[in-house]
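Presented below is the structure to which this report refers.
Residue numbers start from 1 in every chain, and the chains themselves are labelled A, B, ... in the order their sequence lines are given, proteins ahead of strands.
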Amino acid sequence: MYNRTRVCEQAVKIRLDIITMLAAAGSGHPGGSLSAADIVATLYFGDVLNFDAKNPQDPARDRFVLCKGHAAPVLYAALAQAGYFDKKELLNLRKLGAMLQGHPDALKTPGVEVSTGSLGQGLSIACGMAAALKAAGGPQRVFTLLGDGELQEGQVWEAALFAPHYRLDNLVAIIDSNGLQIDGACCDVMALGDIAGKFRAFGWDACEVDGHDIDALHAVLSAAPCADKPRAIIAHTEKGKGVSFMEGVASWHGVTPCEKQAREACAEIECAGNEARDRARDSVSSEGGHHG
Amino acid sequence: MGKATRAAYGATLIELADEGLPITAVEADLSGSTTLSKFGERYPDRFYNAGIAEANMTNVAAGLALEGNIAFTGSFAIFGTGRAWEQVRNTVCYNDLNVKLAPTHAGVTVGPDGGSHQALEDIALMRVLPHMHVLVPADFNAARAAIRLAAATPGPFYIRLGRAEVAEVHASDFVFELGRAYVLREGTDVTLAACGIEVAEALKAADLLAADGISAEVIDVACIKPLDVETLVASVSKTGRIVTCEEHSVLGGMGSAISEVLSEVCPVPTRRIGVADTFGTSGSPAELIEHFGLDAPSIAAAARELV
Ligand SMILES: Cc1ncc(C[n+]2csc(CCOP(=O)(O)OP(=O)(O)O)c2C)c(N)n1
Ligand SMILES: [Mg+2]
């Protein structure tokens with residue numbers, strides 16, 4: 001059952017874990033992990049993905065491919081929260097011998113469907129999974145999360161041709177459209193133009209959504225498939241979302257906070273989480289009053 | 001510690017362009033990491049950012065070269081040589097174009113990003129290509145010299161650059177000669193042939209061996225293609241044994257290149273130090289050098305086995 005408050009709480013926990021594990025690791029990618037936190041929280045805790053953390057290879061599960069593999073911390077936080085492995089592992093991120101590698105490693109980490117980190121490859125992998133699942137006649141769906149800069153890889157558009165050609169209506173590609181990549185704003189580095197329009201022109205069912213609005217995300221992610229068409233969801237997000245000094249700042253792509261910055265960041269995330277919970281409670285009680 | 005080899009990239013391209021050479025550079029969203037951003041700031045009309053698109057980057061460089069430019073490409077070694085390999089083969093090398101690949105972040109010293117980002121196959125991938133030249137500078141000064149050599153010599157080049165800081169082993173006026181290996185320390189009992197950051201490790205290993213009364217000759221095999229067969233044969237004719245040392249897979253890299261040649265013209269007992277047919281992993285550069293047995297004690301141990 002979808003419960004907005006639960007997803008919001010999980011998103012807060014995911015953000016806190018992202019900051020904590022990256023500060024402990026001393027390297028990694030906060031910006032693109034934070035921008036995707038609400039999307040990933042909705043997938044795992046908003047009754048979208050069907051999964052069993054105790055049985056990661058359950059054939060009945062939906063698949064999630066983190067195409068933008070450098071955002072590994074957001075996936076690790078969600079997997080730990082979901083019970084795939086002990087949360088203590090988060091603090092070993094990127095260390096020698098760790099289960100949690102700098103980029104997702106399917107041979108080491110339960111819940112990681114496939115190793116990624118080389119941009120532009122995941123959508124093709126997701127196409128292959130979706131094609132196999134469709135051929136087998138199963139109800140499982142395949143979700144994948146791409147960066148907007150990542151869309152510059154030609155392979156993404158090879159996959160974008162493949163998916164509608166094979167009528168992969170069990171495939172959902174989410175674009176974390178935060179407007180930034182490493183060398184700056186996507187529009188300055190290599191402009192992407194109308195992303196939704198491009199996917200539509202390739203034969204996809206495409207929609208745009210506020211990537212930080214949990215209800216809106218839940219609605220598009222759980223919507224019934226559009227007959228015969230794969231779906232592209234362009235999620236408008238802010239890189240570094242939730243940590244004001246990181247928000248919209250390209251240089252926070254691959255730099256980690258020092259201890260003091262991490263403390264400030266966590267305080268801000270917690271404070272925003274508490275305010276949101278109070279607002280939710282108020283609106284529930286005023287609704288209650290109205291009905292009474 | 002001296003500067004990282006990558007630090008030479010942007011700065012040397014500026015020097016060359018200032019000297020009047022028709023230098024252009026094409027990047028794939030990593031201009032800060034490769035230091036090509038410096039060149040881009042100085043020469044904005046000779047710098048192109050292809051975005052995250054390594055195949056396109058490579059063939060845009062090919063087109064620039066066809067129009068008379070000396071075109072350098074960026075990105076990380078794993079993507080610049082791997083993702084775009086067939087573009088390098090069928091466009092850059094098949095046409096013998098003046099394209100110079102000098103992507104950075106080769107080897108395990110990439111560190112915590114992990115195995116997906118640690119190129120351990122790039123020397124192998126590049127040296128099998130006809131027309132390609134392969135340079136592996138040992139330090140910042142050699143990297144600068146390698147870039148100058150590539151710019152001055154027509155045809156495709158691969159210059160292997162790293163992210164980590166590395167000890168200086170060459171003087172600042174070092175001149176890189178095509179097809180030449182450099183004997184840095186003379187010895188009589190064993191040859192240590194190294195490239196890249198392993199040159200500094202081999203020099204340290206020679207000190208460890210000297211303490212045991214073993215005299216090691218250290219050669220910087222800075223140019224892997226064409227290989228300086230003469231210098232290598234002269235050395236092993238004297239020492240009778242060789243340890244090859246590289247921050248690369250033991251399959252297909254410098255050790256393989258040397259073994260291929262020596263097995264034909266002067267076979268000697270050989271040990272190859274490198275990453276043993278496995279992927280890299282997350283860790284700090286120093287930890288990984290030790291973890292994969294690329295450190296001076298491991299080199300010295302291999303040499304002792306042979307002597
Ligand atoms: C094939 C490939 N080229 C380059 C990189 C290096 N790289 C890592 S993240 C990144 C920028 C990604 O930008 P975007 O897709 O917009 O991700 P986000 O903003 O969500 O972090 C680059 C160039 C890579 N991992 N893979
Ligand atoms: Mg982005």
Side-chain angles (χ1 to χ4, degrees), chain A residues 22 24-29 67-70 72 92-109 114-121 146-158 180-192 250-251 253-256, chain B residues 26-37 40-41 44 47-60 74-84 86-87 105 108 110-119 163 278-292:
Chain A
L22 285 171
S27 70
H29 302 88
C67 200
K68 44 170 267 185
H70 59 282
N92 292 326
L93 172 71
R94 292 178 155 251
K95 302 218 163 90
L96 185 61
M99 175 212 268
L100 302 181
Q101 294 287 299
H103 292 78
D105 186 330
L107 301 186
K108 290 201 165 74
T109 311
V114 61
S115 303
T116 51
S118 175
L119 293 169
Q121 301 201 27
L146 294 89
D148 44 5
E150 183 173 19
L151 298 179
Q152 293 156 355
E153 285 286 0
Q155 185 177 352
V156 170
W157 301 100
E158 297 172 21
L180 297 177
Q181 53 190 104
I182 292 185
D183 278 347
C186 301
C187 59
D188 296 331
V189 176
M190 184 52 59
L192 293 156
S251 58
H253 171 85
V255 174
T256 52
Chain B
V26 194
E27 180 52 85
D29 196 34
L30 290 166
S31 68
S33 296
T34 62
T35 74
L36 282 177
S37 56
E41 280 154 28
F47 175 80
Y48 301 86
N49 199 332
I52 311 170
E54 297 78 12
N56 189 46
M57 167 185 79
T58 304
N59 282 9
V60 167
S75 191
F76 289 165
I78 191 74
F79 311 124
T81 68
R83 186 62 154 267
E86 203 257 344
Q87 280 77 10
H105 293 56
V108 295
V110 164
D113 270 355
S116 59
H117 282 56
Q118 295 167 0
R163 169 178 189 262
T278 183
F279 291 108
T281 192
S282 290
S284 74
E287 282 170 340
L288 294 173
I289 294 276
E290 194 191 324
H291 176 77
F292 287 108

On a heavy-atom basis, the closest approach of A/D183 and B/D29 is N-OD1, 2.7 Å
Please identify, among B/S31, B/G283, B/A28, the residue contributing the most non-hydrogen atom pairs under 4.5 Å to chain A. B/S31
Point-to-point distance, once rounded to the nearest 0.5 Å, from CG of B/L288 to CG of A/L96: 6.0 Å
Minimum heavy-atom separation for A/H29 to B/D113, with atom names? CE1-OD1, 3.9 Å
Quick check on the interface: out of A/E150, A/Q181, A/Q155, A/K95, who has the most heavy-atom pairs with chain B under 4.5 Å? A/Q181
Please classify the contact of B/S282 with chain A as side chain, backbone, both or neither, using a heavy-atom distance under 4.5 Å. both
Heavy-atom pair count under 4.5 Å with chain A, highest-scoring of B/G114, B/G32, B/G51: B/G51
More than 12 heavy atoms from other groups under 6.0 Å of CD on B/E290: no
Under 4.5 Å, counting heavy-atom pairs only, tell me which of A/Q121, A/H103, A/M190 racks up the most with chain B. A/H103
Rounding to 0.5 Å, atoms CZ (B/F279) and CD (A/Q101) come to a distance of 12.5 Å
Please flag which part of A/H70 lies under 4.5 Å from any non-hydrogen atom of chain B: side chain, backbone, both or neither. neither
When the 4.5 angstrom heavy-atom criterion is applied to A/S27 and chain B, the contacting part is side chain
Looking at OG of B/S33 and CD1 of A/I182, how far apart are the two atoms once the value is rounded to the nearest 0.5 Å? 6.0 Å
B/T281 versus A/K108, closest heavy-atom pair with distance: OG1-NZ, 4.2 Å
Residues A/S118 and B/R83: closest non-hydrogen pair is OG-NH1, 2.8 Å
Considering only heavy atoms, which portion of B/N56 lies under 4.5 Å from any heavy atom of chain A: side chain, backbone, both, or neither? neither
Please look at B/E54 and chain A and tell me whether the side chain, the backbone, both or neither of the residue comes under 4.5 angstrom of a heavy atom of that chain. both
